Enquirer: 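Dumping the structure here so I can ask a few things about it.
Note on naming: letters A, B, ... go to the chains in the order of the sequence lines (proteins, then strands), and numbering restarts at 1 for each one. Since the structure is predicted, the reported quantities are computational estimates derived from the model, not experimental observations.
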2 protein chains.
Amino acid sequence: MATLKQVAAHAEVSVQTVSNALNAPHRLRAATLQRVTRSIELLNYRPNRNARSLRTSAVELIGYCVPSWPNGQAHLVMDQFLHALCASAESSGRHILLFTAPVGVEGMPVYEDLHARRLVDGFVLSQTETHDPRHGWLKEQLIPFVSFGRVWKESTQPGPWVDVDGAGGCAAAVRHLHETGRRRIGFLSWPKTSGLAEDRLSGWQTSCRELGLPSNHELAFRCQEDTIDAGARGTAELLDADPGIDAIVAISDILALGALRELTRRGLTAGVDIAVTGFDDSPLASVVSPALTSIRQPMDQIATELIDILTAPAPAGSTERLLQPELVVRGSSAPG
Amino acid sequence: MATLKQVAAHAEVSVQTVSNALNAPHRLRAATLQRVTRSIELLNYRPNRNARSLRTSAVELIGYCVPSWPNGQAHLVMDQFLHALCASAESSGRHILLFTAPVGVEGMPVYEDLHARRLVDGFVLSQTETHDPRHGWLKEQLIPFVSFGRVWKESTQPGPWVDVDGAGGCAAAVRHLHETGRRRIGFLSWPKTSGLAEDRLSGWQTSCRELGLPSNHELAFRCQEDTIDAGARGTAELLDADPGIDAIVAISDILALGALRELTRRGLTAGVDIAVTGFDDSPLASVVSPALTSIRQPMDQIATELIDILTAPAPAGSTERLLQPELVVRGSSAPG
DNA sequence: CGGGTGCGTTTGAACGTTAAAACGCCGGTC
DNA sequence: GACCGGCGTTTTAACGTTCAAACGCACCCG
């Protein structure tokens, strides 16, 4: 492995000149630059990142805690997110360092340690929970971070975040269903304790009101868990309570899959008799039949914004960016 | 941030003594060790990893290329794998560094670069493809790596690997179905080009023969893609070709889900009329109804072996470890 | 009592890089 | 011709750690 020293010797210049050739080429005379560049290529030189980091005290690594849900719940779009995050990081010369940590405040020593040992410059948080303690803690420790997802039920948002407008997404779904002739739209949700759920539900509710559609609470059902079974049962409840329902907006693809199953069981055809939409546009959405209309989170954009905020020179107060999801229309809400 | 120097000053010893207190405590007199330890704790000292790595030229970071499948196919168990991999790495003081790279040989410069710049010590490969060029290339460059998954269709295995015995898993499924009274077991597979598919299919075939069950090729259907639809169509083909089939072993959970759907469509009950098993025990398996019997890859063990091989002092030739998956029995193959 | 032998500790040097300051040279100005 | 300013390059020092060697001391042995 070639070092600066060896390149310098080969190009017959000082070590610092080679360093400048890489970091501040404008300082060199054209002839020198060319000579050094040639030596660099000839020796296949690559800067040693550790030495550089030691000197500059910046490691260009961003920590991300790989989530694990004990109940074996699916992260159906996590690979998309990770890929986008990596790509964005790389486009600014950075990388993602994965780690595990206990959820909640017990995990904070892990974050502190990674930062103190200089393994990472900062963190990207996700799987933000209601009253998530991490944001406040990191802010207090002056450790750079940015959150994917707002901290629900916190009066002030501690620190910068990027999030997707769940309410807007659901509203878009409702509008789409309305445009395609549906007039009685149910909502399949999660328990009230989830900020995410309340956000998305509010989008369904307000857009129904705006369009003059019913949004009474019999039309919204809260499933206790995010499973296909729960979605099917919820759908059954909705249809039993109000047989006039002609569309169902589900808060997740999994619940939507449950809805599809229940419809099939009742001899109804999804997209024809009753329209169904999901959320996240997970790989499953395009793999079922009829394919599932779903609300896609703009992963590339999310990742770009996250990295952008985290690596911006001055945090300049709390940066907050709400991105719009995209409705992907498929057979389960076929026009008609 | 405290440094060795500051701790040394506080404990009134030399810098090297503090270093020894951490890396070779047996060299210190008990009294000194205690004094130094106290100072370390008092100053909340954490070793700077960059400085350490610069000196020792080992970064304790392992590169993993986060896969991206263009067709949006699901990595339903990737989060499990990543979590296990991180946890294993951490238990030996290491971490996982994520990156993206083009598939095939065009991606190799990325691997080389990461290693040359000392961002990683070595690599864990997965998503091994038929004739995967990475293994041979890395071996040639003397870059440490270990592969999750064998390189199919390669006369000699270039480099160490850990893999799951797909044939053994499918054989276990067949035996389980035989024990619960099934006598005509179909197999739902992928195209012949996949080494993974041939491995698993061979397990079905040999175990059927051993048990005196039919395994003629009308009982095996190759789906063109890994989708629920394809699984449903494949199941229809199988049942139409041989109405006597009383069980189906699917090569993936997704195909198995397709089988479940086709059974429902035909008014058959999975687990009662026809048993179904999947592969991978993805989060979906426990979330459908009837819940899906599936073959679970031992992720924790896989990860442990991977890290173990990669960080073992001397590679000592090609290390190869074939692990046994575990059959998780659920309703879709209910006894009787 | 001189000369090993260990043990615990310190000293000196090095890992490869970059920031800051110093240097030498050239052309222009007074 | 002495002085200045700018440019391109080199020198010096430092980042925080560990390795290897040296050191001081107590102990044991002949």
Enquirer: The side chain of B/Arg55 is closest to which nucleotide in this list: C/dC15, C/dT11, D/dG8?
Expert: C/dC15
Enquirer: At under 4.0 Å between heavy atoms, what does B/Asn50 touch on the DNA or RNA strands: base, sugar-phosphate, or nothing?
Expert: nothing
Enquirer: Closest to the B/Thr56 side chain: C/dG16, C/dT17, D/dT18?
Expert: D/dT18
Enquirer: Is any side-chain N or O of B/Ser19 closer than 4.0 Å to OP1 or OP2 of D/dT17?
Expert: no
Enquirer: Work out which heavy atom in A/His83 is nearest to a heavy atom in B/Val66; give both atom names and the distance.
Expert: ND1-O, 3.5 Å
Enquirer: Of the options C/dT9, D/dG8, D/dT18, whose atoms approach the side-chain atoms of B/Thr32 most closely?
Expert: C/dT9
Enquirer: Heavy atoms only: give me the nearest B/Leu33-B/Ala21 pair and the separation to one decimal.
Expert: CD1-CB, 3.9 Å
Enquirer: To the nearest Å, how far apart are A/Arg27 CZ and C/dA20 C1'?
Expert: 10 Å
Enquirer: I want to verify a distance call: between C/dG12, D/dT9, C/dT18, whose nearest atom is closest to the B/Gln16 side chain?
Expert: C/dG12
Enquirer: Are A/Phe123 and A/Tyr64 close enough that their ring centers fall under 6.0 Å?
Expert: no
Enquirer: Are any non-hydrogen side-chain atoms of A/Pro67 and A/Met78 less than 4.5 angstrom apart?
Expert: yes
Enquirer: Expressed in angstrom and rounded to an integer, what is the separation of B/Glu12 atom CD from C/dT10 atom P?
Expert: 11 Å
Enquirer: Looking only at the aromatic ring of each residue, does the gap between the centers of A/Phe99 and A/Tyr111 stay below 6.0 angstrom?
Expert: yes
Enquirer: Check whether any side-chain N or O of B/Thr3 sits under 4.0 Å from OP1 or OP2 of D/dG16, and answer yes or no.
Expert: no
Enquirer: Nearest-nucleotide wise, let me know which of B/His26 and B/Arg118 is further upstream toward the 5' end of DNA chain C.
Expert: B/His26
Enquirer: Select base, sugar-phosphate, or nothing to describe what A/Leu28 touches, counting heavy atoms under 4.0 Å on all strands.
Expert: sugar-phosphate
Enquirer: Looking only at side-chain atoms of A/Asn48, point me to the closest of C/dT9, C/dG16, C/dG12.
Expert: C/dG16
Enquirer: Expressed in angstrom and rounded to an integer, what is the separation of A/Gln6 atom CD from C/dT17 atom C1'?
Expert: 14 Å
Enquirer: Would one find a side-chain N or O of B/Ser14 under 4.0 angstrom from OP1 or OP2 of C/dT9?
Expert: no
Enquirer: For the pair made of CG in B/Asn23 and C1' in D/dT17, what is the distance, rounded to whole Å?
Expert: 9 Å
Enquirer: Of the non-hydrogen atoms in A/Leu114 and A/Leu97, which two are nearest, and what is the gap between them?
Expert: CD2-CD2, 4.4 Å
Enquirer: For B/Lys5 and C/dT11, what is the distance between atoms NZ and P respectively, to the nearest whole Å?
Expert: 13 Å
Enquirer: Would you kindly give the CZ-to-P distance between A/Arg46 and C/dC15, to the nearest whole Å?
Expert: 21 Å
Enquirer: Nearest to the side chain of B/Val15, heavy atoms from C-beta on, is which of D/dT18, D/dT9, D/dG16?
Expert: D/dT18
Enquirer: Please state how far atom CG in B/Asn20 lies from atom C1' in C/dG8, giving the value in whole angstrom units.
Expert: 9 Å
Enquirer: Please report, rounded to the nearest Å, how far the P atom of C/dA19 is from the CG atom of A/Leu4.
Expert: 12 Å
Enquirer: Among the candidates D/dG8, C/dT10, D/dG16, find the nucleotide nearest to the side-chain atoms of A/Arg29.
Expert: D/dG8
Enquirer: On the nucleotide C/dC15, are OP1 or OP2 found under 4.0 Å from the side-chain N or O atoms that B/Ser57 carries?
Expert: no
